[in-house]
Amino acid sequence: MTPPPRPLRIGNASGFYGDRFDAVREMLTGGPLDVLTGDYLAELTMLILGRDRAKDPARGYATTFLRQLEDTLGLAMERGVRLVTNAGGLNPAGLADAIRALAQRLGIDCRVAHVEGDDLLGVRDWGPGVFAANAYLGGAGITACLRGGADVVVTGRVTDAALVTGPAAAHFGWAADDWDALAGAVVAGHILECGTQATGGNYAFFTEHDLRRPGFPLAEIHPDGSSVITKHPHTGGAVTVGTVTAQLLYETAGARYPGPDVTARLDSVRLAPDGPDRVRVHGVRGEAPPRTLKTGLTRLGGHRNEVVFVLTGLDIEAKAALVRDQMEGAMSKRRPAEVRWTLSRTDHSDAAVQEEASALLRLVVRDRDAAAVGRAISGAAVELALASYPGFHVTAPPGKGSPYGVFEAVDTPADTVPHTAVLPDGSRLSISPAPAPPAWPAPPTTPAAGGPVDEPPLPPPLPPGPTRRAPLGAVAGARSGDKGGSANIGVWARSEDAWRWLAHTLTVDRLRELLPETAPLKVIRHPLPRLRALNFVVEGLLGEGVAAQARFDPQAKAVGEWLRSRHLDIPEVLL
(Lines give C-alpha, C1' and ligand atoms only; values in the text may rest on other atoms or scores of the structure.)
Protein backbone atom coordinates (compact mmCIF):
# COMPACT_ATOMS: atom_id res chain seq x y z
CA MET A 1 0.00 0.00 0.00
CA THR A 2 1.34 3.41 -0.95
CA PRO A 3 1.77 5.60 2.15
CA PRO A 4 -0.11 8.91 2.13
CA PRO A 5 1.96 11.86 0.93
CA ARG A 6 3.80 13.82 3.57
CA PRO A 7 2.03 17.05 4.51
CA LEU A 8 3.49 20.33 3.33
CA ARG A 9 4.89 22.25 6.31
CA ILE A 10 4.40 26.00 5.87
CA GLY A 11 5.57 28.36 8.60
CA ASN A 12 5.12 32.06 9.30
CA ALA A 13 7.85 34.44 10.50
CA SER A 14 6.10 37.81 10.35
CA GLY A 15 2.60 39.10 11.00
CA PHE A 16 3.30 42.77 10.27
CA TYR A 17 6.03 45.22 9.26
CA GLY A 18 7.98 45.47 12.51
CA ASP A 19 7.41 41.98 13.88
CA ARG A 20 10.16 40.10 15.76
CA PHE A 21 13.32 40.49 13.71
CA ASP A 22 14.95 37.15 14.54
CA ALA A 23 11.80 35.12 13.80
CA VAL A 24 13.12 34.06 10.38
CA ARG A 25 16.16 32.44 11.97
CA GLU A 26 14.04 30.94 14.76
CA MET A 27 11.72 29.28 12.26
CA LEU A 28 14.54 28.00 10.04
CA THR A 29 16.43 26.45 12.96
CA GLY A 30 13.51 25.34 15.14
CA GLY A 31 12.38 22.34 13.12
CA PRO A 32 11.65 21.04 9.62
CA LEU A 33 9.90 23.32 7.15
CA ASP A 34 9.18 23.27 3.44
CA VAL A 35 8.07 26.88 3.02
CA LEU A 36 8.52 29.93 5.22
CA THR A 37 6.20 32.88 4.70
CA GLY A 38 6.21 36.44 5.97
CA ASP A 39 3.33 38.90 5.97
CA TYR A 40 4.53 42.52 6.08
CA LEU A 41 1.57 44.42 4.65
CA ALA A 42 -1.43 46.08 6.25
CA GLU A 43 -3.54 49.11 5.39
CA LEU A 44 -1.31 51.34 7.50
CA THR A 45 1.83 49.80 5.96
CA MET A 46 0.69 50.80 2.48
CA LEU A 47 0.57 54.40 3.70
CA ILE A 48 4.12 54.13 5.06
CA LEU A 49 5.46 52.49 1.90
CA GLY A 50 3.60 54.94 -0.31
CA ARG A 51 5.25 57.86 1.41
CA ASP A 52 8.62 56.10 1.08
CA ARG A 53 8.10 55.62 -2.65
CA ALA A 54 7.06 59.25 -3.07
CA LYS A 55 10.46 60.27 -1.68
CA ASP A 56 12.42 57.70 -3.69
CA PRO A 57 10.92 55.59 -6.52
CA ALA A 58 13.48 52.86 -5.79
CA ARG A 59 11.94 52.32 -2.37
CA GLY A 60 8.45 51.16 -1.47
CA TYR A 61 9.26 47.69 -0.09
CA ALA A 62 9.76 46.38 3.44
CA THR A 63 13.50 46.76 3.98
CA THR A 64 13.32 44.67 7.17
CA PHE A 65 12.98 41.48 5.14
CA LEU A 66 16.15 42.22 3.20
CA ARG A 67 18.05 42.78 6.44
CA GLN A 68 16.65 39.54 7.85
CA LEU A 69 18.06 37.67 4.87
CA GLU A 70 21.58 38.91 5.52
CA ASP A 71 22.27 35.96 7.82
CA THR A 72 19.41 33.60 6.95
CA LEU A 73 19.28 33.35 3.15
CA GLY A 74 22.11 30.83 3.08
CA LEU A 75 20.52 28.86 5.90
CA ALA A 76 17.22 28.65 4.03
CA MET A 77 18.93 27.44 0.86
CA GLU A 78 20.97 24.84 2.78
CA ARG A 79 17.80 23.45 4.35
CA GLY A 80 15.76 23.52 1.16
CA VAL A 81 13.19 25.95 2.55
CA ARG A 82 11.46 28.15 0.03
CA LEU A 83 10.68 31.73 1.09
CA VAL A 84 7.43 33.44 0.12
CA THR A 85 6.70 37.00 1.25
CA ASN A 86 4.62 40.04 0.39
CA ALA A 87 7.43 42.30 1.61
CA GLY A 88 7.68 43.64 -1.95
CA GLY A 89 4.91 46.07 -1.03
CA LEU A 90 4.71 48.73 -3.73
CA ASN A 91 7.94 47.63 -5.43
CA PRO A 92 8.24 43.81 -5.62
CA ALA A 93 10.62 43.97 -8.58
CA GLY A 94 12.92 46.27 -6.59
CA LEU A 95 13.03 43.90 -3.62
CA ALA A 96 13.60 40.90 -5.91
CA ASP A 97 16.58 42.68 -7.49
CA ALA A 98 17.93 43.56 -4.04
CA ILE A 99 17.70 39.92 -2.96
CA ARG A 100 19.56 38.80 -6.09
CA ALA A 101 22.28 41.34 -5.36
CA LEU A 102 22.47 40.12 -1.76
CA ALA A 103 22.75 36.49 -2.87
CA GLN A 104 25.51 37.35 -5.32
CA ARG A 105 27.41 39.28 -2.67
CA LEU A 106 27.12 36.38 -0.24
CA GLY A 107 27.97 33.78 -2.88
CA ILE A 108 24.63 31.97 -2.51
CA ASP A 109 22.94 30.19 -5.41
CA CYS A 110 19.38 31.48 -5.15
CA ARG A 111 16.61 31.70 -7.74
CA VAL A 112 14.35 34.70 -7.14
CA ALA A 113 10.98 35.40 -8.74
CA HIS A 114 8.34 37.99 -8.13
CA VAL A 115 4.66 38.68 -8.72
CA GLU A 116 3.40 41.98 -10.07
CA GLY A 117 0.27 43.53 -11.53
CA ASP A 118 -1.42 44.55 -8.31
CA ASP A 119 -0.22 48.16 -8.64
CA LEU A 120 -3.05 49.95 -10.44
CA LEU A 121 -2.04 53.51 -9.60
CA GLY A 122 -1.41 54.52 -13.20
CA VAL A 123 -4.24 52.68 -14.91
CA ARG A 124 -6.93 55.25 -14.18
CA ASP A 125 -7.66 58.43 -12.30
CA TRP A 126 -8.50 57.35 -8.77
CA GLY A 127 -9.26 60.86 -7.59
CA PRO A 128 -7.29 63.52 -5.75
CA GLY A 129 -4.59 62.57 -3.30
CA VAL A 130 -4.40 58.83 -4.08
CA PHE A 131 -0.77 57.66 -3.99
CA ALA A 132 -1.31 53.89 -3.78
CA ALA A 133 -3.90 51.74 -5.54
CA ASN A 134 -3.36 48.02 -5.19
CA ALA A 135 -5.56 45.07 -6.08
CA TYR A 136 -5.50 42.09 -3.71
CA LEU A 137 -4.17 39.26 -5.87
CA GLY A 138 -4.55 35.58 -5.14
CA GLY A 139 -1.95 32.85 -4.87
CA ALA A 140 -1.84 31.71 -8.51
CA GLY A 141 1.13 33.94 -9.35
CA ILE A 142 3.06 32.49 -6.41
CA THR A 143 2.14 29.00 -7.63
CA ALA A 144 3.55 29.78 -11.06
CA CYS A 145 6.79 31.16 -9.60
CA LEU A 146 7.34 28.07 -7.45
CA ARG A 147 6.56 25.73 -10.32
CA GLY A 148 9.08 27.76 -12.31
CA GLY A 149 11.81 26.79 -9.84
CA ALA A 150 11.92 29.82 -7.54
CA ASP A 151 13.60 29.56 -4.14
CA VAL A 152 12.32 33.00 -3.10
CA VAL A 153 9.05 34.55 -4.23
CA VAL A 154 8.39 38.23 -3.60
CA THR A 155 4.95 39.73 -4.07
CA GLY A 156 3.28 43.06 -3.72
CA ARG A 157 -0.31 43.27 -2.50
CA VAL A 158 -1.74 39.77 -2.34
CA THR A 159 -4.27 38.52 0.16
CA ASP A 160 -2.60 37.38 3.35
CA ALA A 161 -3.85 33.82 2.80
CA ALA A 162 -2.33 33.74 -0.72
CA LEU A 163 1.09 33.22 0.89
CA VAL A 164 -0.22 29.75 1.84
CA THR A 165 -2.60 28.91 -1.01
CA GLY A 166 0.12 29.60 -3.59
CA PRO A 167 2.70 27.13 -2.20
CA ALA A 168 0.02 24.54 -1.38
CA ALA A 169 -1.41 24.61 -4.91
CA ALA A 170 2.09 24.34 -6.37
CA HIS A 171 2.98 21.38 -4.15
CA PHE A 172 -0.22 19.37 -4.54
CA GLY A 173 -1.06 20.31 -8.11
CA TRP A 174 -4.49 21.69 -7.29
CA ALA A 175 -6.54 23.03 -10.16
CA ALA A 176 -7.91 26.55 -10.05
CA ASP A 177 -11.39 25.18 -9.26
CA ASP A 178 -10.41 22.77 -6.47
CA TRP A 179 -12.58 24.93 -4.26
CA ASP A 180 -12.61 22.81 -1.09
CA ALA A 181 -8.85 22.24 -1.04
CA LEU A 182 -8.17 25.90 -1.76
CA ALA A 183 -10.64 26.97 0.91
CA GLY A 184 -8.89 24.77 3.44
CA ALA A 185 -5.59 26.41 2.56
CA VAL A 186 -7.18 29.87 2.84
CA VAL A 187 -8.34 29.07 6.36
CA ALA A 188 -4.87 27.78 7.27
CA GLY A 189 -3.36 30.92 5.74
CA HIS A 190 -5.69 33.15 7.70
CA ILE A 191 -4.68 31.40 10.91
CA LEU A 192 -0.97 31.80 10.13
CA GLU A 193 -1.02 35.33 8.72
CA CYS A 194 -0.81 37.20 12.04
CA GLY A 195 2.10 35.20 13.38
CA THR A 196 2.01 34.63 17.11
CA GLN A 197 -1.68 35.51 17.42
CA ALA A 198 -2.21 31.83 16.54
CA THR A 199 0.10 30.68 19.33
CA GLY A 200 -1.44 32.62 22.19
CA GLY A 201 -0.46 36.21 21.44
CA ASN A 202 -3.23 38.75 22.15
CA TYR A 203 -5.33 35.86 23.47
CA ALA A 204 -8.25 36.59 25.79
CA PHE A 205 -7.22 33.89 28.28
CA PHE A 206 -3.53 34.77 28.14
CA THR A 207 -2.85 33.90 31.78
CA GLU A 208 -3.26 30.20 30.97
CA HIS A 209 -0.04 30.03 28.96
CA ASP A 210 3.56 31.25 29.08
CA LEU A 211 3.48 34.13 26.62
CA ARG A 212 6.76 35.79 27.41
CA ARG A 213 8.09 34.77 23.99
CA PRO A 214 5.52 32.81 21.96
CA GLY A 215 6.75 30.79 19.03
CA PHE A 216 5.57 31.43 15.50
CA PRO A 217 2.99 29.08 13.97
CA LEU A 218 3.18 26.59 11.16
CA ALA A 219 0.59 24.55 9.28
CA GLU A 220 0.90 20.99 8.07
CA ILE A 221 -1.20 21.12 4.89
CA HIS A 222 -2.65 17.87 3.54
CA PRO A 223 -3.59 17.11 -0.10
CA ASP A 224 -7.30 17.69 0.57
CA GLY A 225 -6.64 21.15 2.05
CA SER A 226 -7.13 20.10 5.66
CA SER A 227 -4.35 21.07 8.02
CA VAL A 228 -2.89 20.82 11.48
CA ILE A 229 -1.84 24.08 13.11
CA THR A 230 1.18 23.72 15.38
CA LYS A 231 4.53 25.29 16.24
CA HIS A 232 8.10 24.18 16.62
CA PRO A 233 8.84 22.21 19.79
CA HIS A 234 10.28 23.98 22.83
CA THR A 235 8.92 27.37 21.78
CA GLY A 236 6.69 29.52 23.96
CA GLY A 237 2.99 30.13 23.75
CA ALA A 238 0.40 27.50 22.95
CA VAL A 239 -1.68 26.19 20.06
CA THR A 240 -5.16 25.27 21.28
CA VAL A 241 -8.65 25.20 19.86
CA GLY A 242 -9.13 28.51 21.67
CA THR A 243 -6.10 30.28 20.19
CA VAL A 244 -7.01 29.05 16.71
CA THR A 245 -10.66 30.08 17.13
CA ALA A 246 -9.58 33.55 18.20
CA GLN A 247 -7.45 34.01 15.10
CA LEU A 248 -10.13 32.58 12.81
CA LEU A 249 -12.51 35.29 13.99
CA TYR A 250 -9.96 38.08 13.55
CA GLU A 251 -10.84 40.62 10.85
CA THR A 252 -13.55 38.46 9.30
CA ALA A 253 -17.26 39.00 8.85
CA GLY A 254 -19.89 36.41 7.96
CA ALA A 255 -20.06 32.83 6.83
CA ARG A 256 -18.50 33.63 3.47
CA TYR A 257 -14.84 34.70 3.45
CA PRO A 258 -14.31 35.85 -0.15
CA GLY A 259 -10.95 36.08 -1.84
CA PRO A 260 -9.44 35.99 -5.32
CA ASP A 261 -8.68 32.25 -5.17
CA VAL A 262 -11.86 30.95 -3.55
CA THR A 263 -14.68 31.89 -1.21
CA ALA A 264 -14.11 29.94 1.98
CA ARG A 265 -17.14 29.01 4.04
CA LEU A 266 -16.21 29.81 7.62
CA ASP A 267 -19.43 28.19 8.79
CA SER A 268 -18.04 24.84 7.64
CA VAL A 269 -14.75 24.98 9.57
CA ARG A 270 -14.27 22.26 12.17
CA LEU A 271 -11.54 22.37 14.81
CA ALA A 272 -10.33 19.47 16.92
CA PRO A 273 -7.39 18.84 19.27
CA ASP A 274 -4.69 16.70 17.66
CA GLY A 275 -2.23 16.39 20.53
CA PRO A 276 -0.18 18.91 22.52
CA ASP A 277 0.06 22.23 20.62
CA ARG A 278 -1.72 20.71 17.63
CA VAL A 279 -5.17 21.63 16.29
CA ARG A 280 -6.72 19.92 13.29
CA VAL A 281 -8.63 22.14 10.84
CA HIS A 282 -10.93 20.20 8.55
CA GLY A 283 -14.30 20.11 6.81
CA VAL A 284 -13.77 23.44 5.05
CA ARG A 285 -15.95 23.96 2.01
CA GLY A 286 -15.21 26.36 -0.78
CA GLU A 287 -17.14 28.21 -3.44
CA ALA A 288 -16.11 30.15 -6.50
CA PRO A 289 -14.57 33.55 -5.79
CA PRO A 290 -16.18 36.85 -6.78
CA ARG A 291 -15.59 38.26 -10.24
CA THR A 292 -13.99 41.34 -8.74
CA LEU A 293 -10.84 41.99 -6.76
CA LYS A 294 -10.75 44.20 -3.70
CA THR A 295 -8.58 47.20 -4.48
CA GLY A 296 -7.17 49.30 -1.67
CA LEU A 297 -6.82 53.02 -2.28
CA THR A 298 -4.58 55.03 0.03
CA ARG A 299 -4.83 58.78 -0.19
CA LEU A 300 -3.61 61.74 1.78
CA GLY A 301 -6.58 62.81 3.87
CA GLY A 302 -5.05 65.97 5.24
CA HIS A 303 -3.15 66.91 8.38
CA ARG A 304 -3.87 66.25 12.03
CA ASN A 305 -2.61 67.40 15.39
CA GLU A 306 -3.28 66.21 18.91
CA VAL A 307 -2.88 67.66 22.39
CA VAL A 308 -3.61 65.63 25.53
CA PHE A 309 -4.22 67.76 28.62
CA VAL A 310 -3.72 66.13 32.03
CA LEU A 311 -6.36 67.08 34.60
CA THR A 312 -5.50 66.08 38.18
CA GLY A 313 -7.39 65.92 41.43
CA LEU A 314 -10.58 67.86 42.14
CA ASP A 315 -13.03 69.60 39.78
CA ILE A 316 -12.15 67.53 36.71
CA GLU A 317 -15.23 68.56 34.74
CA ALA A 318 -14.71 72.24 35.50
CA LYS A 319 -11.03 72.06 34.53
CA ALA A 320 -11.96 70.37 31.26
CA ALA A 321 -14.58 73.01 30.54
CA LEU A 322 -12.11 75.84 31.18
CA VAL A 323 -9.32 74.64 28.91
CA ARG A 324 -11.82 73.67 26.24
CA ASP A 325 -13.30 77.17 26.27
CA GLN A 326 -9.82 78.67 26.08
CA MET A 327 -8.78 76.51 23.13
CA GLU A 328 -12.10 77.04 21.32
CA GLY A 329 -11.54 80.78 21.67
CA ALA A 330 -8.06 80.48 20.19
CA MET A 331 -9.47 78.50 17.23
CA SER A 332 -12.28 80.95 16.52
CA LYS A 333 -10.41 82.86 13.79
CA ARG A 334 -9.51 79.75 11.81
CA ARG A 335 -11.31 76.70 13.09
CA PRO A 336 -9.98 73.37 11.70
CA ALA A 337 -12.40 71.37 9.59
CA GLU A 338 -12.72 68.73 12.32
CA VAL A 339 -12.34 69.29 16.05
CA ARG A 340 -12.86 66.40 18.45
CA TRP A 341 -12.72 66.51 22.25
CA THR A 342 -12.64 63.36 24.41
CA LEU A 343 -12.53 63.32 28.19
CA SER A 344 -11.32 60.00 29.64
CA ARG A 345 -12.11 59.76 33.33
CA THR A 346 -9.11 57.67 34.30
CA ASP A 347 -8.93 59.45 37.65
CA HIS A 348 -9.66 57.89 41.06
CA SER A 349 -10.66 59.83 44.16
CA ASP A 350 -8.25 59.93 47.10
CA ALA A 351 -5.54 58.31 44.95
CA ALA A 352 -2.20 57.39 46.50
CA VAL A 353 -0.43 57.75 43.12
CA GLN A 354 -0.59 61.03 41.20
CA GLU A 355 -1.18 59.38 37.84
CA GLU A 356 -4.19 57.56 39.30
CA ALA A 357 -5.62 60.92 40.34
CA SER A 358 -5.50 62.22 36.75
CA ALA A 359 -7.91 62.29 33.82
CA LEU A 360 -7.01 62.89 30.18
CA LEU A 361 -8.64 65.46 27.93
CA ARG A 362 -7.73 64.76 24.32
CA LEU A 363 -8.04 67.34 21.55
CA VAL A 364 -7.71 66.06 17.98
CA VAL A 365 -7.93 68.43 15.01
CA ARG A 366 -7.91 67.70 11.28
CA ASP A 367 -7.81 69.89 8.21
CA ARG A 368 -6.53 69.70 4.65
CA ASP A 369 -4.49 72.84 5.36
CA ALA A 370 -1.41 71.95 7.43
CA ALA A 371 -1.25 75.50 8.84
CA ALA A 372 -4.70 75.18 10.36
CA VAL A 373 -3.59 72.33 12.64
CA GLY A 374 0.05 73.26 13.11
CA ARG A 375 1.40 76.25 15.01
CA ALA A 376 -2.09 77.67 15.40
CA ILE A 377 -3.03 74.74 17.66
CA SER A 378 0.30 73.97 19.29
CA GLY A 379 1.02 77.60 20.06
CA ALA A 380 -2.41 78.11 21.58
CA ALA A 381 -1.92 75.11 23.86
CA VAL A 382 1.55 76.18 24.98
CA GLU A 383 0.38 79.71 25.74
CA LEU A 384 -2.02 78.32 28.33
CA ALA A 385 0.76 76.84 30.45
CA LEU A 386 0.53 79.56 33.12
CA ALA A 387 -2.98 80.78 32.39
CA SER A 388 -5.37 77.86 32.72
CA TYR A 389 -6.51 75.27 35.26
CA PRO A 390 -4.38 74.41 38.33
CA GLY A 391 -1.87 71.67 37.66
CA PHE A 392 -1.80 72.35 33.91
CA HIS A 393 0.43 70.04 31.88
CA VAL A 394 0.24 67.92 28.75
CA THR A 395 1.45 64.39 28.01
CA ALA A 396 3.93 65.54 25.36
CA PRO A 397 5.06 68.82 23.83
CA PRO A 398 2.52 69.84 21.16
CA GLY A 399 3.82 69.22 17.66
CA LYS A 400 3.44 70.87 14.31
CA GLY A 401 0.93 68.37 13.01
CA SER A 402 1.41 65.49 10.59
CA PRO A 403 -0.22 64.13 7.44
CA TYR A 404 -2.71 61.31 7.79
CA GLY A 405 -3.96 58.79 5.30
CA VAL A 406 -7.37 57.50 4.31
CA PHE A 407 -8.00 53.94 3.17
CA GLU A 408 -10.82 53.04 0.83
CA ALA A 409 -11.69 49.68 -0.71
CA VAL A 410 -13.26 49.52 -4.18
CA ASP A 411 -13.95 46.67 -6.58
CA THR A 412 -12.01 46.08 -9.78
CA PRO A 413 -13.04 43.45 -12.37
CA ALA A 414 -10.59 40.58 -11.98
CA ASP A 415 -10.10 40.19 -15.72
CA THR A 416 -8.76 43.76 -16.00
CA VAL A 417 -5.90 43.28 -13.52
CA PRO A 418 -2.58 42.26 -15.15
CA HIS A 419 -1.58 39.55 -12.65
CA THR A 420 1.91 38.47 -13.77
CA ALA A 421 4.49 35.99 -12.51
CA VAL A 422 8.06 37.00 -13.33
CA LEU A 423 10.00 33.73 -13.20
CA PRO A 424 13.64 33.29 -12.11
CA ASP A 425 14.82 33.27 -15.73
CA GLY A 426 13.10 36.62 -16.35
CA SER A 427 10.26 35.22 -18.42
CA ARG A 428 6.81 36.62 -17.74
CA LEU A 429 3.72 34.50 -17.31
CA SER A 430 0.27 36.07 -17.39
CA ILE A 431 -2.04 34.65 -14.71
CA SER A 432 -5.68 34.19 -15.60
CA PRO A 433 -8.39 35.00 -13.06
CA ALA A 434 -10.00 32.13 -11.20
CA PRO A 435 -12.82 30.42 -13.09
CA ALA A 436 -15.97 32.53 -13.19
CA PRO A 437 -18.52 31.62 -10.54
CA PRO A 438 -21.99 30.42 -11.43
CA ALA A 439 -24.84 32.87 -11.16
CA TRP A 440 -25.30 33.82 -7.52
CA PRO A 441 -28.75 34.34 -6.00
CA ALA A 442 -28.07 38.07 -6.42
CA PRO A 443 -25.72 39.73 -8.93
CA PRO A 444 -22.31 40.07 -7.27
CA THR A 445 -21.38 43.68 -6.72
CA THR A 446 -18.91 43.44 -3.83
CA PRO A 447 -16.08 41.16 -2.77
CA ALA A 448 -18.55 39.61 -0.32
CA ALA A 449 -20.86 38.64 -3.16
CA GLY A 450 -22.41 35.21 -3.29
CA GLY A 451 -25.85 35.89 -1.97
CA PRO A 452 -27.04 35.81 1.60
CA VAL A 453 -26.35 32.84 3.82
CA ASP A 454 -29.35 31.50 5.68
CA GLU A 455 -29.23 32.14 9.42
CA PRO A 456 -28.00 28.89 10.97
CA PRO A 457 -30.15 27.24 13.63
CA LEU A 458 -29.16 28.24 17.15
CA PRO A 459 -28.91 25.78 20.05
CA PRO A 460 -31.74 25.66 22.55
CA PRO A 461 -31.39 28.30 25.26
CA LEU A 462 -30.33 27.36 28.75
CA PRO A 463 -33.22 26.68 31.14
CA PRO A 464 -34.02 29.50 33.57
CA GLY A 465 -31.95 29.61 36.72
CA PRO A 466 -30.20 31.92 39.17
CA THR A 467 -27.85 34.53 37.68
CA ARG A 468 -25.02 36.64 38.97
CA ARG A 469 -23.71 40.00 37.78
CA ALA A 470 -20.30 39.32 36.23
CA PRO A 471 -18.12 40.36 33.26
CA LEU A 472 -18.83 38.70 29.94
CA GLY A 473 -15.16 37.66 29.82
CA ALA A 474 -15.75 35.21 32.65
CA VAL A 475 -17.42 32.85 30.15
CA ALA A 476 -16.41 34.10 26.68
CA GLY A 477 -13.35 35.12 24.73
CA ALA A 478 -13.18 37.87 22.13
CA ARG A 479 -10.89 39.26 19.48
CA SER A 480 -11.43 42.41 17.46
CA GLY A 481 -9.77 44.17 14.56
CA ASP A 482 -10.14 46.57 11.66
CA LYS A 483 -11.27 46.37 8.06
CA GLY A 484 -11.08 49.84 6.58
CA GLY A 485 -13.44 52.03 8.56
CA SER A 486 -15.31 49.09 10.08
CA ALA A 487 -14.44 46.91 13.02
CA ASN A 488 -15.22 43.29 13.75
CA ILE A 489 -15.71 41.74 17.18
CA GLY A 490 -15.56 37.97 17.32
CA VAL A 491 -16.91 36.43 20.52
CA TRP A 492 -16.72 32.73 21.31
CA ALA A 493 -17.90 30.48 24.11
CA ARG A 494 -15.66 27.92 25.79
CA SER A 495 -18.34 25.32 26.45
CA GLU A 496 -21.55 24.12 24.85
CA ASP A 497 -23.66 25.47 27.72
CA ALA A 498 -21.95 28.85 27.50
CA TRP A 499 -22.67 28.85 23.75
CA ARG A 500 -26.37 28.13 24.39
CA TRP A 501 -26.47 31.18 26.64
CA LEU A 502 -24.29 33.44 24.48
CA ALA A 503 -26.17 32.76 21.24
CA HIS A 504 -29.46 33.98 22.72
CA THR A 505 -28.11 36.73 24.99
CA LEU A 506 -25.57 38.70 22.95
CA THR A 507 -27.89 40.21 20.37
CA VAL A 508 -27.17 43.34 18.35
CA ASP A 509 -29.28 45.38 20.76
CA ARG A 510 -27.39 43.97 23.77
CA LEU A 511 -24.06 44.72 22.11
CA ARG A 512 -25.15 48.32 21.58
CA GLU A 513 -26.11 48.56 25.24
CA LEU A 514 -22.75 47.20 26.37
CA LEU A 515 -20.72 49.30 23.89
CA PRO A 516 -22.50 52.66 23.62
CA GLU A 517 -20.08 53.89 20.93
CA THR A 518 -21.71 51.39 18.55
CA ALA A 519 -25.28 52.57 19.25
CA PRO A 520 -25.59 54.98 16.26
CA LEU A 521 -23.81 52.67 13.85
CA LYS A 522 -24.90 49.75 11.68
CA VAL A 523 -24.09 46.47 13.44
CA ILE A 524 -24.42 43.06 11.78
CA ARG A 525 -24.33 39.79 13.74
CA HIS A 526 -23.06 36.59 12.11
CA PRO A 527 -23.51 33.35 14.11
CA LEU A 528 -20.88 30.63 13.51
CA PRO A 529 -22.23 27.66 15.51
CA ARG A 530 -19.43 25.23 14.64
CA LEU A 531 -16.99 27.62 16.28
CA ARG A 532 -19.49 28.40 19.08
CA ALA A 533 -18.99 32.00 18.04
CA LEU A 534 -20.72 35.23 17.10
CA ASN A 535 -19.01 37.72 14.81
CA PHE A 536 -20.19 41.33 14.87
CA VAL A 537 -19.30 43.87 12.19
CA VAL A 538 -19.59 47.49 13.30
CA GLU A 539 -19.62 49.70 10.24
CA GLY A 540 -17.95 53.10 10.50
CA LEU A 541 -16.53 52.71 14.00
CA LEU A 542 -13.04 53.60 12.73
CA GLY A 543 -14.04 56.50 10.51
CA GLU A 544 -11.82 56.53 7.42
CA GLY A 545 -9.57 53.70 8.61
CA VAL A 546 -6.54 53.17 10.81
CA ALA A 547 -4.34 55.71 9.03
CA ALA A 548 -6.84 58.45 9.87
CA GLN A 549 -6.57 57.62 13.61
CA ALA A 550 -10.19 58.54 14.19
CA ARG A 551 -10.43 57.12 17.71
CA PHE A 552 -8.37 56.26 20.77
CA ASP A 553 -7.99 52.64 19.57
CA PRO A 554 -7.64 53.29 15.81
CA GLN A 555 -7.44 49.61 14.80
CA ALA A 556 -10.13 48.37 17.20
CA LYS A 557 -7.62 45.96 18.71
CA ALA A 558 -9.03 46.28 22.22
CA VAL A 559 -12.76 46.62 21.50
CA GLY A 560 -13.18 42.91 22.20
CA GLU A 561 -11.51 43.27 25.59
CA TRP A 562 -13.71 46.25 26.36
CA LEU A 563 -16.74 44.07 25.59
CA ARG A 564 -15.43 41.26 27.82
CA SER A 565 -15.07 43.71 30.70
CA ARG A 566 -18.74 44.74 30.61
CA HIS A 567 -21.03 43.23 33.24
CA LEU A 568 -24.32 41.48 32.65
CA ASP A 569 -26.45 38.81 34.33
CA ILE A 570 -24.79 35.45 33.71
CA PRO A 571 -26.27 32.07 34.77
CA GLU A 572 -24.53 30.87 37.89
CA VAL A 573 -24.16 27.41 36.35
CA LEU A 574 -21.62 28.94 33.93
CA LEU A 575 -19.56 30.75 36.55
With rounding to the nearest 0.5 Å, note down the distance linking [atom1] in [X] to [atom2] in [Y].
X	Y	atom1	atom2	result
Leu542	Glu43	CG	CD	9.0 Å
Leu515	Arg566	CG	CZ	7.0 Å
Asp267	His526	CG	NE2	11.5 Å
Phe536	Asn488	CZ	CG	11.0 Å

- Message: Quick check against the 3.5 Å criterion: does Tyr40 have a side-chain atom that pairs as donor or acceptor with the backbone of Gly88?
- Response: no
Electrostatic pair [X]-[Y], nearest N-O below 4.0 angstrom:
X	Y	value
Arg280	Asp274	no
Asp425	Arg428	no
Glu561	Arg564	yes

In chain order, what residues pass the side-chain contact (heavy atoms from CB on, under 4.5 Å) check against [X], with sequence neighbours excluded?
X	answer
Thr235	Lys231, His232
Ala498	Ala493, Ser495, Leu574
Pro456	Pro527, Pro529
Asp71	Arg25

Of all residues at least two apart in sequence or in a different chain, which pass the ring-ring contact (aromatic ring centres under 6.0 Å, His included) check with [X]?
X	value
Tyr257	His190
Tyr136	none
Tyr61	none
Phe205	Tyr203

Minimum-distance pair of heavy atoms, taken over all atoms of [X] and [Y]:
X	Y	result
Leu211	Gly201	CD2-N, 4.2 Å
Cys145	Leu423	CA-CD2, 3.8 Å
Ala474	Leu575	CB-CD2, 3.9 Å
Leu41	Leu49	CD2-CD1, 3.8 Å

- Check the pair Val84 / Ile10 against side-chain contact (heavy atoms from CB on, under 4.5 Å), numbers first and verdict last. CA-CA 10 Å; Val84 179; Ile10 302 179; over 6 Å; no
- Item | Listed once per pair and sorted, the side chain to side chain donor-acceptor pair (under 3.5 Å) pairs that draw on residues 73-95, sequence neighbours left out | Asp39-Asn86
- Not counting sequence neighbours, list each pair that qualifies as a side chain to side chain donor-acceptor pair (under 3.5 Å) and has a residue in residues 27-38.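 Matches after skipping sequence neighbours: Arg6-Asp34.
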- Query: If you count the non-hydrogen atoms of other residues, nucleotides and ligands that lie under 6.0 Å from CZ in Phe172, is the total more than 12?
  - Reply: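 Yes, the 6.0 Å shell around CZ holds more than 12 heavy atoms from other groups.
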- Query: What do the steps show when you test Arg479 against Leu249 for side-chain contact (heavy atoms from CB on, under 4.5 Å), and what is the final call?
  - Reply: CA-CA 7 Å; Arg479 177 164 287 165; Leu249 295 173; 5.5 Å; no
Throw together a table of side-chain donor-acceptor distances under 3.5 angstrom for residues 95-104, partners on residues two or more places apart or in other chains.
residue: Asp97; atom: OD1; partner: Arg100; partner atom: NH1; Å: 2.8
residue: Arg100; atom: NH2; partner: Val112; partner atom: O; Å: 3.0

- Message: One pair to check against salt bridge (Lys or Arg N to Asp or Glu O under 4.0 Å): Asp497 and Arg494. What are the steps and the verdict?
- Response: CA-CA 9 Å; Asp497 281 349; Arg494 306 188 83 188; over 6 Å; no
Mind listing the side-chain donor-acceptor pairs of residues 178-185 below 3.5 Å, one per line with the distance, residues two or more places apart or on another chain?
residue: Asp178; atom: OD2; partner: Ala175; partner atom: N; Å: 2.7
residue: Asp180; atom: OD1; partner: Gly286; partner atom: N; Å: 2.8

